[in-house]
Amino acid sequence: MDFRLDEEQLELRDTVRRLCADRFTLTDLGRRETGRVDRDAWRALGALGAFAVLLPAESGGSGFGHVGAALVFEQLGAHLVSGPLLWTTLAARRIDGAADGRRVVCGVEHDDASPEPVLIEHAADADALLVLRHDGVHVVAAGDLPEFAPLAPLDPLTPVARAGALPRGIQVGGASDAAQARLAGRLLASALLLGLSDAALEAARLWALAR
């Protein structure tokens with residue numbers, strides 16, 4: 001089995017890297033610590049196809065599948081790109097405007113019977129909320145979201161809010177769809193963390209050499 005990336009996959013990775021290097025520089029990190037989504041940069045990611053990377057080509061996606069998604073998210077992690085990247089990507093096939101970056105989609109895994117509070121990342125920027133429940137995938141429109149109380153985040157790039165009881169929303173997928181979304185979400189989150197850790201290691205190496 002050949003695990004080497006082909007030319008199209010390498011071009012995808014390098015294209016995302018160039019956009020991130022232009023739009024999400026480390027020198028600009030202080031401005032981005034407000035935690036709010038930069039809508040212009042978000043649309044640029046959408047135009048590049050970053051949120052549609054899991055969609056097949058016939059549905060307007062890149063057709064690169066999970067390997068392409070991992071390559072994209074590795075670069076997003078390496079450049080500390082903030083915002084609900086994972087949830088917007090998972091919502092691309094279910095919410096109009098998510099795939100092209102016109103809408104910012106947040107998300108949670110939630111069981112209606114759970115006593116735990118509902119914590120939503122980037123809630124202030126949510127145009128819609130994707131909810132993975134045991135019985136399927138639901139979408140809650142922005143106008144139906146409950147009031148939420150901002151919390152002090154551990155990561156200044158990732159604001160967190162505590163929400164009240166969530167409405168059921170509209171069901172857009174069954175239990176198997178929710179399971180597939182969870183699996184894809186684990187892949188995307190792992191790729192983000194891989195990119196972040198590689199970038200941190202490289203920064204530490206360069207700092208040590210400069211010393």
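This one's a predicted model, so the numbers in the text were calculated from it and none came from an experiment. All values below were derived from every heavy atom in this structure, side-chain atoms included, with hydrogens, water molecules and symmetry-related copies excluded.
Side-chain atoms of Gln180 and Ser176 form no donor-acceptor pair, as typed in the model, at a separation below 3.5 Å.
Within the 4.5 Å cutoff, side-chain heavy atoms of Arg43 are placed close to those of Arg39. Contact annotation: the side chain of Leu45 approaches that of Leu76 to within less than 4.5 Å [non-hydrogen atoms, C-beta and beyond]. Annotation: side chain of Val72 is not in contact with side chain of Leu48 (no heavy-atom distance under 4.5 Å). The side-chain heavy atoms of Val81 and Arg23, taken from C-beta on, include no pair separated by under 4.5 Å. When side chains are defined from C-beta on, Leu54 counts as touching His66, because their heavy atoms get closer than 4.5 Å. Looking at heavy atoms from C-beta onward, Asp198 lies out of side-chain contact with Glu202 at the 4.5 angstrom threshold.
The pair Arg36-Asp125 counts as a salt bridge, with a side-chain nitrogen and a carboxylate oxygen less than 4.0 angstrom apart.
Atoms CZ and CD1, on Phe51 and Ile95 in that order, are 13.0 Å from each other to the nearest 0.5 Å. For the atom pair CG (Leu71) and CZ (Arg17), the distance works out to 10.0 Å, reported to the nearest 0.5 Å. Rounding to the nearest 0.5 Å gives a distance of 10.5 Å between OG1 of Thr15 and CD of Gln75. Remark: Leu80 CG to Leu192 CG distance equals 10.0 Å, nearest 0.5 Å. The distance from the NE2 atom of His138 to the CG atom of Leu129 is 12.0 Å, given to the nearest 0.5 Å. A distance of 14.0 Å separates CD1 of Ile170 from CZ of Arg94, quoted to the nearest 0.5 Å.
Between Phe24 and Ala41, the shortest heavy-atom distance links the atoms CZ-CB, 3.6 Å. Residue Ala50 comes nearest to Thr89 through the heavy atom pair O-OG1, 4.1 Å, listed as atom of the first residue, atom of the second, then distance. Scanning all heavy atoms of the two residues, the minimum distance from Ala191 to Ala70 falls at CB-O, 3.5 Å. When all heavy atoms of Cys106 and His122 are compared, the pair lying nearest together is SG-O, 3.2 Å. Shortest non-hydrogen contact noted between Ala161 and Phe148 is CB-CD1, 3.4 Å. Heavy atoms only, all atoms of each residue included: Gly185 and Leu86 are closest at O-CD1, 3.3 Å.
Residue Pro84 forms a side chain to side chain contact (heavy atoms under 4.5 Å, CB included) with just one option from Leu130, Val105, Val37, Thr158, and that option is Val37.
No single ILVMFWY cluster, assembled from side-chain heavy atoms under 4.5 Å apart, contains both Val160 and Val118. Residues Leu132 and Val140 do not share a hydrophobic cluster, defined by chaining ILVMFWY side chains whose heavy atoms lie under 4.5 Å apart. Leu187 is not connected to Leu194 by any chain of hydrophobic side-chain contacts under 4.5 Å among Ile, Leu, Val, Met, Phe, Trp and Tyr, and they are in different clusters.
Environment of CD in Glu8: sparse, with no more than 12 heavy atoms of neighbouring residues, nucleotides or ligands closer than 6.0 Å. More than 12 heavy atoms of other residues, nucleotides or ligands shown are found within 6.0 angstrom of CG on Leu151.
Remark: side-chain polar atoms of Asp127 are paired, donor with acceptor, to backbone N or O of Val104 under 3.5 angstrom. Although no hydrogens or angles enter the test, the distance criterion places a donor-acceptor pair under 3.5 Å between the side chain of Asp177 and the main chain of Gly174. Side chain of Thr88 to backbone of Leu85: no donor-acceptor contact under 3.5 angstrom is found.
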Would Val137 and Leu90 satisfy side-chain contact (heavy atoms from CB on, under 4.5 Å), going step by step from the backbone distance to the final call? CA-CA 11 Å; Val137 183; Leu90 294 181; over 6 Å; no
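Screening residues 128-142 for salt bridge (charged side-chain N to carboxylate O under 4.0 Å, His left out) gives Asp112-Arg133, Asp135-Arg168 as the qualifying pairs, with residues at least two apart or on separate chains.
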